[in-house]
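Below: one structure, written as structure tokens.
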Amino acid sequence: MLLEQLRRAADERQARALTRRRRIAHSACAPHQSVGPVDAPSPQPLLTFCSNDYMGLANHPDVVAALAEGARLYGAGSGASHLVSGHSLAHARLEEELARWFAPYIPQARTLYFCTGYMANMAVLTALGTAGATLFCEKLNHASLIDGALLARADVQRYPHCNAAALDALLTASSSPLKLIVTDSVFSMDGDVAPLAELLALAERHDAWIIVDDAHGFGVLGDDGHGVLQALGLNSERLIYIGTLGKAAGVAGAFVAAHETIIEHLVNTARPYIYTTAAPPAVAHALMASLAIIEGEEGRQRRANLNRLIAELRAGLAPLAAAAGWQLGDSATAVQPLIVGDNAVSLALAARLEAEGIRVGAIRPPTVPVGTARLRITLSATHTSADVQRLVGVLADAVPAEAKREAA
Ligand SMILES: *Cc1c(COP(=O)(O)O)cnc(C)c1O
């Protein structure tokens, strides 16, 4: 019965071009990465525009060396959860360094390291979103924030994408004793940025708190790569910040930065923090190396290169999108969506690119709303101008055929 049901569901997915499959990478995460079956004699080299390794640190020699050094110093695994015996000097140092980074944006900031961003979001929303509280959630929030809100005992209200006026109305109508605004900073599938200064002003006015998920901003936004709070010059005790460390920072994990009283509460009550084995200390040790690069001169140069590539890509894509009737998302970040609408068209376009040796993710529902299937093009500081021109060239060749197919 169950298997029959699941097969039917799989057939329906297939019919709607929604089947997802995994590809196997044979080499490190980098703009040029080879992909193929386990036993492929020669995996296919692909120019890749779909990782979130925005700063190109996932395979940076200093970070790789620090990971190996961390393993020599602390071993392979932590052996237990943080509250039992798994909390190491490497985790503590990482949290102290990040607390130093966030001191200018959050008064009395402390930070807490998590194994993944998904878990950090579950932790914050369930530990703070208790019965009686209300979570005011942005419509396009990441799945991990949606799931955290589902698991929380709090009431949940949703406001339309980047619509501060609608949020204002919801906050005005609410009599909840604890109001928590929950939003991505950079939206993961669109690349646009939430109007955080406005949202923070609303939080101040309505005695609310604001939980900001900066998964796609940490490491890339702000002069020192400190993320969206630095980029926008924000400072408030009401900010509860989540940064992830597997994207621009190139390794793994996430952290929450908030007033020390909030962090202490998470340590004591957040189940996704308490009931899981601490990440290997070597991972935290490696992250110290990536933070040093992000904050230093090399980081500055990488961000400058990334921003040049973003401008170059947009200049190349804008006329193509106009010709094909597609929509180039309104994004100034490393996430550049080319919205084609139809699932099958997005897949055909990705397949066409792949035949030319280029890998771009075709993102379909339920990750994005129905009718907004897209190519999600992401750039890394380690891409070159020639890489970007190659992508634009192949897309230019693909446009007429694909546009015709859609019209047919
Ligand atoms: C990737 C992502 C997460 C999850 O972070 P992981 O460390 O990959 O679990 C959370 N929020 C947003 C917006 C993300 O893009």
Side-chain angles (χ1 to χ4, degrees), residues 20 22 29 50-55 57-58 63 91 94 98 111-126 129 135 137-152 158 161-162 180-194 196 199 210-221 227-229 231 239-258 270-273 276-280 283-284 286-287 290-291 294 329 331 333-337 361 363 366-369 374 376-380:
R20 295 152 181 254
R22 301 172 305 164
C29 174
C50 42
S51 88
N52 302 310
D53 181 25
Y54 305 122
M55 290 287 280
L57 298 182
V63 179
H91 297 121
L94 176 65
L98 286 166
T111 69
L112 188 65
Y113 177 73
F114 284 81
C115 295
T116 73
Y118 190 98
M119 291 169 71
N121 283 345
M122 298 298 258
V124 170
L125 294 197
T126 55
L135 300 170
C137 299
E138 146 84 50
K139 194 83 186 286
L140 294 191
N141 274 347
H142 187 261
S144 56
L145 290 174
I146 295 173
D147 292 357
L150 281 173
L151 196 61
R158 294 173 85 196
H161 184 50
C162 289
L180 298 150
I181 302 165
V182 183
T183 186
D184 282 16
S185 54
V186 178
F187 290 89
S188 48
M189 298 300 137
D190 293 83
D192 57 340
V193 180
L196 286 179
L199 301 186
I210 175 163
I211 296 167
V212 178
D213 176 347
D214 199 27
H216 301 276
F218 180 77
V220 270
L221 298 182
V228 74
L229 303 185
L239 288 163
I240 299 164
Y241 177 96
I242 297 129
T244 69
L245 300 166
K247 289 174 177 153
V251 189
F255 65 97
V256 179
R271 298 168 67 90
Y273 185 74
T276 194
T277 301
V283 168
L287 280 163
S290 69
L291 293 187
I294 287 170
S331 162
T333 66
V335 178
Q336 292 291 329
I363 309 287
T367 309
V368 293
R374 64 197 64 188
R376 175 179 183 264
I377 302 166
T378 54
L379 291 168
S380 160

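The basis for the numbers below is simple: all heavy atoms, side chains too, and nothing from hydrogens, waters or symmetry mates. Counting starts at 1 for both ligands and their atoms, following the listed order.
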Report all protein residues having a heavy-atom distance below 4.0 Å to some atom of ligand 1; order the list by chain, then number. T116, G117, Y118, N121, H142, S144, D184, S188, D213, A215, H216, T244, K247, G253
Using only heavy-atom distances, determine whether the side chains of D190 and H161 contain a donor-acceptor pair under 3.5 Å. no
Backbone of A249 reached by a side-chain donor or acceptor of S290 within 3.5 Å: yes
Listed pairs under 3.5 Å, donor-acceptor, residues 112-126 side chains, sequence neighbours left out:
residue: Y113; atom: OH; partner: A252; partner atom: O; Å: 2.9
residue: T116; atom: OG1; partner: Y118; partner atom: N; Å: 3.3
residue: T116; atom: OG1; partner: M119; partner atom: N; Å: 3.0
residue: Y118; atom: OH; partner: D147; partner atom: OD2; Å: 2.6
residue: N121; atom: ND2; partner: S144; partner atom: OG; Å: 2.9
residue: N121; atom: ND2; partner: D213; partner atom: OD2; Å: 3.0
residue: T126; atom: OG1; partner: M122; partner atom: O; Å: 2.6
residue: T126; atom: OG1; partner: A123; partner atom: O; Å: 3.3

Residue list, ring pair (Phe, Tyr, Trp, His ring centres under 6.0 Å) with F218, at least two apart or on another chain: W101, F255
Kindly write out the residues that satisfy side-chain hydrogen bond (donor to acceptor under 3.5 Å, both in side chains) with T276, not counting sequence neighbours, or none if the list is empty. none
Roughly how far, to the nearest 0.5 Å, is OG1 of T333 from CG of L379? 9.5 Å
